[in-house]
**Student:** 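What follows is a single structure, and I will ask about it in a moment.
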Amino acid sequence: MKTFTSIKQIGDLQQAFAKARYIKQNPFADQAIGHNRTLLLIFFNSSLRTRLSTQKAALNLGMNTIVLDINQGAWKLETEHGVVMDGDKPEHLSEAIPVMGCYCDIIGVRSFARLENRDYDYAEVILNQFIRYSGKPVISMEAATRHPLQTFADLITIEEYKQVERPKIVMTWAPHPKALPQAVPNSFAEGIGMTGYEFVITHPRGYELDPAFTAGATIEYDQNKAFEGAHFIYAKNWSAYSGENYGKVLSADRSWTVDSAKMALTDNAWFMHCLPVRRNMIVTDEVIESPRSLVIPEAANRVVSAQTVLKDILSDMDK
Ligand code: CP
């Protein structure tokens with residue numbers, strides 16, 4: 001593996017699960033592979049889980065880590081080409097990226113969608129510049145359109161908790177006060193598409209995701225109907241993808257909040273969310289605190305996910 005920007009780059013899913021299981025049972029078995037290697041984590045946006053779990057994964061592999069929050073302590077970066085830099089941004093990304101590449105062996109980048117221009121966001125301008133100009137393997141720690149480390153952790157969690165061979169997975173939109181990117185739902189849909197599981201996406205009309213990610217999924221606008229017989233409920237908010245509504249909040253309908261009455265429609269489903277989560281907007285206290293809530297094991301699997309990916313990249317660097 002040279003870069004990890006999409007769950008599709010994980011390769012054969014069953015082999016990836018086997019690698020993840022080994023890492024979970026033997027977290028310190030591969031300390032030598034990262035010796036004298038440095039992982040640089042670049043954050044353009046806030047993080048708790050990705051920041052900590054990716055560092056922990058690197059430490060488990062014997063790596064050193066450096067973390068840089070671009071908006072706290074670094075020079076403000078110009079990201080557009082051809083501009084006269086007479087404003088408040090003294091450094092251009094075109095120099096900053098190769099410089100960062102001089103100080104590490106692998107780079108992780110978090111750069112969210114700006115939700116102003118769909119073409120710009122879906123071109124993954126920032127992430128692709130790191131891939132092109134850093135000279136180092138790049139892992140996405142959530143970019144504009146995907147969050148593959150989260151998706152792999154989600155798939156590992158489903159693999160661990162599923163009680164039937166082909167579970168019914170329901171990804172449901174839920175209300176949120178702010179406009180959020182589509183990266184997590186896009187990526188989750190892409191990942192579930194690799195499993196062959198039954199997959200239903202439910203959301204109010206107008207929240208259709210990019211069909212490039214949702215191929216094979218059933219879209220159901222009636223949330224109650226979607227929940228019937230589900231084995232996993234994956235809740236997430238996202239803003240509109242389509243046309244001139246791109247990046248907009250179209251609904252604040254609190255009847256979409258996941259509560260115990262809705263969970264009762266399922267086949268005793270597990271509840272999942274990538275976190276952070278707005279309680280009593282996305283999900284009620286009762287559901288997230290119930291014994292069927294997987295949000296903590298799901299977050300714990302972020303270390304396993306990142307360690308599996310980093311180990312693969314380190315192994316390929318040694319070839
Ligand atoms: N799920 C997730 O990526 O969490 P953070 O935004 O806290 O990293």
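Quick caveat, the model's predicted, so the values are computed rather than measured. Hydrogens, waters and symmetry mates play no part in the numbers below; they use all other heavy atoms, side chains included. Indexing begins at 1, ligand by ligand and atom by atom, following the structure's order.
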**Student:** May I ask you to say whether E160 pairs ionically with K24, meaning some side-chain N is under 4.0 Å from a carboxylate O?
**Tutor:**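 Judged by the 4.0 Å cut-off on N to carboxylate O distance, E160 and K24 do form a salt bridge.
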**Student:** Is the OH atom of Y221 crowded by more than 12 outside heavy atoms at less than 6.0 Å?
**Tutor:**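 Yes, because the 6.0 Å sphere around OH of Y221 holds more than 12 heavy atoms from other groups.
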**Student:** Can you say whether the rings of Y241 and Y246 are parallel (under 30°), tilted (30 to 60°) or perpendicular (over 60°)?
**Tutor:**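 Ring orientation, 0 to 90° scale: perpendicular.
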**Student:** Please output the residues near ligand 1 using a strict heavy-atom distance under 4.0 Å, listed in chain and residue-number order.
**Tutor:**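 Within 4.0 Å of ligand 1, protein side: S47, L48, R49, T50, R110, H147, Q150, C274, L275, R302.
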**Student:** So, are R114 and E80 salt-bridged, with charged N and O less than 4.0 Å apart?
**Tutor:**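 A salt bridge links R114 with E80.
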**Student:** Taking it one step at a time, do R279 and E289 satisfy salt bridge (charged side-chain N to carboxylate O under 4.0 Å, His left out)?
**Tutor:** CA-CA 10 Å; R279 281 175 175 232; E289 291 173 7; 2.6 Å; yes
**Student:** Within the 3.5 Å criterion, strictly below it, is a donor on N280 or D285 matched to an acceptor on the partner's side chain?
**Tutor:**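 Side chains of N280 and D285: pair found under 3.5 Å.
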